[in-house]
Amino acid sequence: MRLPLVAGNWKLNGSLAANRELLQGVIAGLPAAGVEVMVCPPAVYLAPTAAELAGTTLLLGAQDVSTQDQGAYTGEVSAAMLRDVGCTHTLIGHSERRTLFGDTDDVVAAKFVAARAASVQPVVCIGETLEERQAGDTMAVVRRQLGAVLNKVGVDGFAGAIVAYEPVWAIGTGQTATPEQAQEVHAAIRAQLAAADAKLGDRTRILYGGSVKGANAADLFSRQDIDGGLIGGASLKAGEFLAICEAAAGTDS
Ligand code: PEP
């Protein structure tokens, strides 16, 4: 059985004071069991967030990682640095990184390698744009994006990593994929993993992301191949985020 995971991507939001208040609210209401919960603050807030999380079950993830280990790469943050301040996970290939900052499939694969080399577990974000969906290319796009990583690192290199399917047209738009649309793509992603290795297909957690809220989470998470969510806007409100975590915990059996 795959333990559901709910990860909050705070994006470029927050302050020391606001983060503390949000974290206190989340920690106070965390489900006792049945779900793993992670927060992904902006890089400068990782260390203070790690201090706030000490002694709790909340996991700490970064929003991105450098392809480089060290050296003359101004502005970059390496995977070893993320590990050093307490991150267990990092997002890679978020659609905002792909579309706004030029992260190609090759760059995403290189970030995967860099994260794993420092024992930071990648959450590989994949998903199609509206134009790609309308052109009937959804499956080809997610297959290519996942394949770029899988082909580079192989089955053993991928084991333990997490996939997040996030249709770009559903991110921050309030327009959620229907549970049927999401499940269809999740099943295809799992089939791609299973074709590489049956255990990889069985064990890899595939999260859905794109305008998930307390009101639609349970329906999405009840689908066979949806193992939790990557949450943007709704992760900035403790009550809403906790409702999503509860919905995920309710699907664990
Ligand atoms: C995201 O940015 O990963 C995301 C899913 O955002 P939102 O929940 O706001 O659509």
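Computation of the quantities below employed the complete heavy-atom set of this structure, encompassing side-chain atoms and omitting hydrogens, waters and symmetry-equivalent molecules. Counting begins at 1 with the first residue of the sequence. Computed from a prediction, not measured in an experiment: that's the story for all the values here. Order of appearance sets the numbers: ligands from 1, and atoms from 1 within every ligand.
- Of all the atoms in ligand 1, the ones that sit under 4.0 Å from a non-hydrogen atom of G210 are 5 (C), 10 (O).
- Side-chain contact, D105 with Q145: no donor N or O sits under 3.5 Å from an acceptor N or O.
- Atom 3 (O) of ligand 1 has its closest protein heavy atom at E166 OE2, 2.6 Å.
- The atoms of ligand 1 that sit less than 4.0 Å from any heavy atom of A170 are 10 (O).
- For the atom pair CD1 of I92 and CG of D64, the computed distance is 8.5 Å after rounding to the nearest 0.5 Å.
- Side-chain N or O atoms of Q63 include one that pairs as donor or acceptor with a backbone N or O of K11 at under 3.5 Å.
- Considering backbone and side-chain atoms together, T173 places no N or O closer than 3.5 Å to any N or O of ligand 1.
- A donor-acceptor contact shorter than 3.5 Å links the side chain of S235 to the backbone of G232.
- Close contacts of ligand 1 with G233, meaning ligand atoms under 4.0 Å from a residue heavy atom, involve 7 (P), 8 (O), 9 (O).
- Under the 4.5 Å side-chain criterion, counting only non-hydrogen atoms from C-beta, S211 is not in contact with Q175.
- In this pair, F112 and F158 present their aromatic rings parallel. The plane angle is below 30°, not in the 30 to 60° band.
- In terms of modelled atom types and a separation under 3.5 Å, the side chain of R83 and the main chain of S119 share a donor-acceptor contact.
- Rounding to the nearest 0.5 Å gives a distance of 10.0 Å between CD1 of I162 and CG of L230.
- Annotation for ligand 1: atoms under 4.0 Å from non-hydrogen atoms of G172 are 7 (P), 9 (O), 10 (O).
- Shortest contact from atom 8 (O) of ligand 1 to any protein heavy atom: G232 N, 2.8 Å.
- E131 and W169 share no side-chain donor-acceptor pair at under 3.5 Å.
- For atom 1 (C) of ligand 1, the closest non-hydrogen atom on the protein side is H94 NE2, 3.2 Å.
- Close approach to L230 involves these atoms of ligand 1, each under 4.0 Å from a residue heavy atom: 3 (O), 5 (C).
- Within the structure, ligand 1 lacks A234 among the residues with a heavy atom less than 4.0 angstrom away.
- Every atom of ligand 1 with a heavy atom of N9 under 4.0 Å away is listed here by number and element: 2 (O), 3 (O).
- With a 4.0 Å heavy-atom cut-off, ligand 1 is reached by no atom of S235.
- With a 4.0 Å heavy-atom cut-off, ligand 1 is reached by the backbone of I171 and by its side chain too.
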